[in-house]
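Reading through the structure tokens given below for one structure.
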Amino acid sequence: MAATRLYTMKQVCEEVGLPYETLKFYCNEGLVPNVKRDRNNRRVFDEHDVGWVGSLTCLKRCGMSIKEMRAYLDLCLQGEPSIPERKEMLAAKRAELVAKLAEVQDSIDYLDWKQGFYDDVLAGRTPYVSNLLPDA
């Protein structure tokens, strides 16, 4: 039987692109269950732990709060029967992200329009008009 590879906190952070302090915080908050310790009482992680920490990283990027991440973890620990609830959580978070994406796209569209307007003014194709300055 092959020995299970164990990773240090630093190695996990490098693997998933997470700051050391964040991983330590997640562990202290109980977001990484079943953390093991080496003979020097330092945290060590197996492949499953590394995969879960990667998932936490993604959930955080998706905008989940620590409270939401904890609730999601609690559901995951219940196993397969909690999948419908987990799907609902993820669908709600996805809907929030889609709304934010639309908001960002509106902002990009405005900036593109404004840049085009300025280009046209500078090229002499359009007279300059401002909502901030009185009509000349």
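Start at 1 with the first residue, then count along the sequence.
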message = Around atom CG of N34, are there more than 12 heavy atoms from other residues, nucleotides or ligands closer than 6.0 Å?
response = no

remark   = Distance col, row L18:CG vs E21:CD, nearest 0.5 angstrom, shows 9.5 Å

ask   = Got R37 and R42 here, is their nearest side-chain heavy-atom distance under 4.5 Å?
value = no

task = Check whether any side-chain heavy atom of E80 lies under 4.5 Å from a side-chain heavy atom of I83, and answer yes or no.
result = yes

ask   = Would you call D46 and K36 a salt bridge, taking side-chain N to carboxylate O under 4.0 Å as the test?
value = yes

query = If you count the non-hydrogen atoms of other residues, nucleotides and ligands that lie under 6.0 Å from CZ in R94, is the total more than 12?
reply = no

task = Report, as yes or no, whether the 6.0 Å neighbourhood of atom CG on N40 holds more than 12 heavy atoms from other residues, nucleotides or ligands.
result = yes

note = Residues pairing under salt bridge (Lys or Arg N to Asp or Glu O under 4.0 Å) where one sits in residues 57-68, two or more places apart or in two chains, turn out to be E68-K93

query = When rounded to the nearest 0.5 angstrom, what is the spacing between CG in D120 and CD in Q115?
reply = 11.5 Å

ask   = Are the side chains of E29 and M69 in touch, meaning some heavy atoms are under 4.5 Å apart?
value = no

key: For V16, the option from L23, T22, V53 that meets side chain to side chain contact (heavy atoms under 4.5 Å, CB included)   = V53

request  = Report the residue from L6, V32, T8 that forms a side chain to side chain contact (heavy atoms under 4.5 Å, CB included) with F45.
outcome  = V32

query = In terms of hydrophobic clustering (I, L, V, M, F, W, Y; side-chain heavy atoms under 4.5 Å; direct or indirect links), are L77 and V50 co-clustered?
reply = yes

key: Residues R5 and E47 bridged, charged N to O under 4.0 Å   = no

task = For the pair L73 and W52, evaluate side chain to side chain contact (heavy atoms under 4.5 Å, CB included) and give the outcome as yes or no after the intermediate values.
result = CA-CA 10 Å; L73 168 64; W52 173 247; 3.7 Å; yes

request  = Work out which heavy atom in C76 is nearest to a heavy atom in S82; give both atom names and the distance.
outcome  = N-OG, 4.1 Å

ask   = How many angstroms lie between CZ in F117 and CZ in R125, if you round to the nearest 0.5 Å?
value = 12.0 Å

message = Are V44 and Y7 packed together at the side-chain level, in the sense that at least one heavy-atom pair is separated by less than 4.5 angstrom?
response = no

key: Flag if over 12 foreign heavy atoms under 6.0 Å of NZ, K114   = yes

query = How many angstroms lie between OH in Y72 and CG in L31, if you round to the nearest 0.5 Å?
reply = 13.0 Å

request  = Mind checking the CH2-OH spacing from W113 to Y118? Nearest 0.5 Å is all I need.
outcome  = 8.0 Å

request  = Give a yes or no on whether L90 and L97 share a hydrophobic cluster (residues Ile, Leu, Val, Met, Phe, Trp, Tyr; joining criterion: side-chain heavy atoms under 4.5 Å apart).
outcome  = no

message = Return the CZ to CE distance between R70 and M64, rounded to the nearest 0.5 Å.
response = 13.0 Å

message = Taking atom CD as the centre, does Q105 end up with more than 12 heavy-atom neighbours from other residues, nucleotides or ligands that are less than 6.0 angstrom away?
response = yes

